[in-house]
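Here is the structure we will look at, set down as structure tokens.
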Amino acid sequence: MSVIIKLLSKFDDSGLKKAKSSFGGLSKTLGAIGIGFGLKQLTDGLLDAAKAAAADEKSTRLLNIQLTRNAGATAASLKENDKFIESLSLQTGIMDDDLRPAMARFGNVTGNVREAQRLLRISLDGAAGSGKNLDAVSKAVSKAYAGNTTSLKKLFPELAKSKDVLGDFAKTYEGLAIENADPFMKFNNSLDILKEKLGVVVLPILIDFISEISKPGGAIEVVGKFFDDLANPKSDVGKTFAEIKAAVGQVITGVKDFFALFGNGDAIEGFKNIATSLIQMLPALLALKGIFMLASAGKSIANLAKAIGLMTGAGAVDTVVGAGGGTKGKGKVPILGTGALLGLGMVLSLGGDTKLQTPEEVAQRTAERKANLKALQKNAGTFPGLPQRPVTNNVTINVQGADPKATVDALGKYIKQNGSLPYNFYTRKVG
Amino acid sequence: VVAMAKNSNVIFDAKPVLKALNQLEPGLRKQMLREMKEITKPAVNNIKSVIPSTAPMSGMSVSRTSTSVEGRSFNNNGSGRLSWTGGKYKNRVIAPDNVIPRFSSGRSRRSAVTSLFGIWLRSPGVAMVATAGKGSGRAKYATTREYPYKGGVRRHRNNGQGDALIRKVKSSGLYNFFYKAGDASVPGMESEVKLVWEKYSKMVSRRLG
């Protein structure tokens, strides 16, 4: 523990970045072993692993060839050497790709795998202890082993007066490579080795897959030919593709035009209006579906009328009427209007014909009704039985179960106040 | 970063300026440090003067005899790392009043903002006592963070030793003396050091620009 009074501080995030980059390989390797990543990352990771395994396999093969030729290595000693390199890499945090060239060099000089391994250890210790480059140290050590100690003495001046240069060098730096190993690099190395091991499993599968798809008549050839044909408008595939393209274009244009009708020429707005109205209309649409079902089941007109009554009574239509606009072209969804729905219901129930009226027809019919009503009101009083004042439909007379005297009194009171009964009172069957 | 930028004592271009200083003129960096150190001299002397030359607590004294329990002897003879006169830093015995101005341009893997120049009390035991009593004295966590121990890591329960230490130093009146001694002169030193830095960094920008 020590304490400091800070008088001036500096901002330098390069150390943090370095620490982060030490972890950089982690995500890739975790991806390769499929931890917490999606399929793409997994595939990428596996391919990375396969690549790493291929590279590792190549570098191992090169070293093995050198050791077999120059150090008389047997299959068993090669296998053992492989393990030695791997464990050394794990212990020191130095990548196996950096260790193999040095090992090959020592194999050439010593002609013995064991001796080469010993020299490699010494060089690693020396490099770690002095902070010098492994390549430079291993070159100097190999020269010293061959009897030329000048390079090693130049690199390590403290050995200038030594009688056993290599021995003293080994003693001075013994074990420093493992002691000074960077824990981040050790961790990364172990993950890299894990990745390579995974790649060893993936690689043969990948090779099989590649040879399978690239053989004559394989996927690459077939798919390649298909794309060639597709690009050529003279081929059958090309013609069909052109036709599909044109048809799709037409359909898309048609759909766009259709929706544009309901959005003041804006297809997207029109689609939005329809979708909004459909959502708001859901209860009414469900009732409408009920009407269709009853009609298709051949039920009586009374039942259909009941269904419409239910629908109106449930307030489903009212909610639609109340659903105000404000949005561009919203009023242009006529099929969802009250009149339209009721009109539709009437067509279904009274006409006995299940033909659906178009919005234009429904609107026309409503307009005619309004015109007729206006004409009727204009001529009020001219013809007997027609109302003297504008029609009001809020006369409520409960006949069923009512006292006949009270009914007559109510009618008398109404006539006294309003002059006569509304015209449609006569058109309807009372009782 | 915005908060740091507002703090005028944090500088962002330390690395290139320090690199350029000696390229401009060999020895320029040393000259800057000498000037900075000169500014801290009175504060350093002041801090040194409040550090007792002998251990304020018997347990931190080198002369304390070793004890043995059930035949095993324990190294609590006061020559440990936290001893007053025999305190060690990097295996070197540090005098209790070893207070020096420190310039460290190295980067950190843990923090982006690090001290560039400050006053450093080096002896670990003295530093512990010198800052004891500065805070509330209550342990923030029930256990310590992991720390290296005999080749591995370990953590231990906060067992009240710290509390006891704080009680002791407070009763003796010798507590939080490091910051107390330095605090009075800190604002002045800060601006002076900053001025020196500005002088040299302007030198660099003028010559390079």
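Note on naming: letters A, B, ... go to the chains in the order of the sequence lines (proteins, then strands), and numbering restarts at 1 for each one.
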Would you please go through residues 174-192 of chain B and name the residues with a non-hydrogen atom below 4.5 Å from one of chain A, in numerical order?
-> Phe178(B), Tyr179(B), Gly182(B), Val186(B), Met189(B), Glu190(B)
Identify which of Val193(B), Ile119(B), Val126(B) forms the greatest number of heavy-atom pairs closer than 4.5 Å to chain A.
-> Ile119(B)
Under 4.5 Å heavy-atom distance to chain A, tell me which part of Ile94(B) shows up: side chain, backbone, both or neither.
-> neither
Centroid-centroid under 6.0 Å between Phe106(A) and Tyr145(A) rings | no
On the ring face of Phe169(A), is Lys153(A) found with NZ or CZ under 6.0 Å from the centre and within 45° of the axis?
-> no
Salt bridge Asp135(A)-Lys139(A), side-chain N to carboxylate O under 4.0 Å = yes
Please tabulate, for side-chain N and O atoms in residues 152-164 of chain B, each donor-acceptor pair with protein atoms closer than 3.5 Å (sequence neighbours left out).
{"residue": "Arg154(B)", "atom": "NE", "partner": "Tyr147(B)", "partner atom": "OH", "Å": "2.8"}
{"residue": "Arg154(B)", "atom": "NH2", "partner": "Tyr147(B)", "partner atom": "OH", "Å": "3.4"}
{"residue": "His156(B)", "atom": "ND1", "partner": "Tyr147(B)", "partner atom": "OH", "Å": "2.7"}
{"residue": "Asn158(B)", "atom": "ND2", "partner": "Tyr141(B)", "partner atom": "O", "Å": "2.3"}
{"residue": "Asn159(B)", "atom": "OD1", "partner": "Gln161(B)", "partner atom": "N", "Å": "3.2"}

Can the ring centroids of Tyr89(B) and Trp120(B) be said to lie less than 6.0 angstrom from one another?
-> yes
Apply the test side-chain contact (heavy atoms from CB on, under 4.5 Å) to residues Val204(B) and Tyr200(B): give CA-CA distance (whole Å), side-chain angles for both, the deciding distance (0.1 Å), then the verdict.
-> CA-CA 6 Å; Val204(B) 169; Tyr200(B) 283 88; 5.9 Å; no
Sort out for me which residue in Gln117(A), Glu115(A), Arg118(A) forms a side chain to side chain contact (heavy atoms under 4.5 Å, CB included) with Thr110(A).
-> Glu115(A)
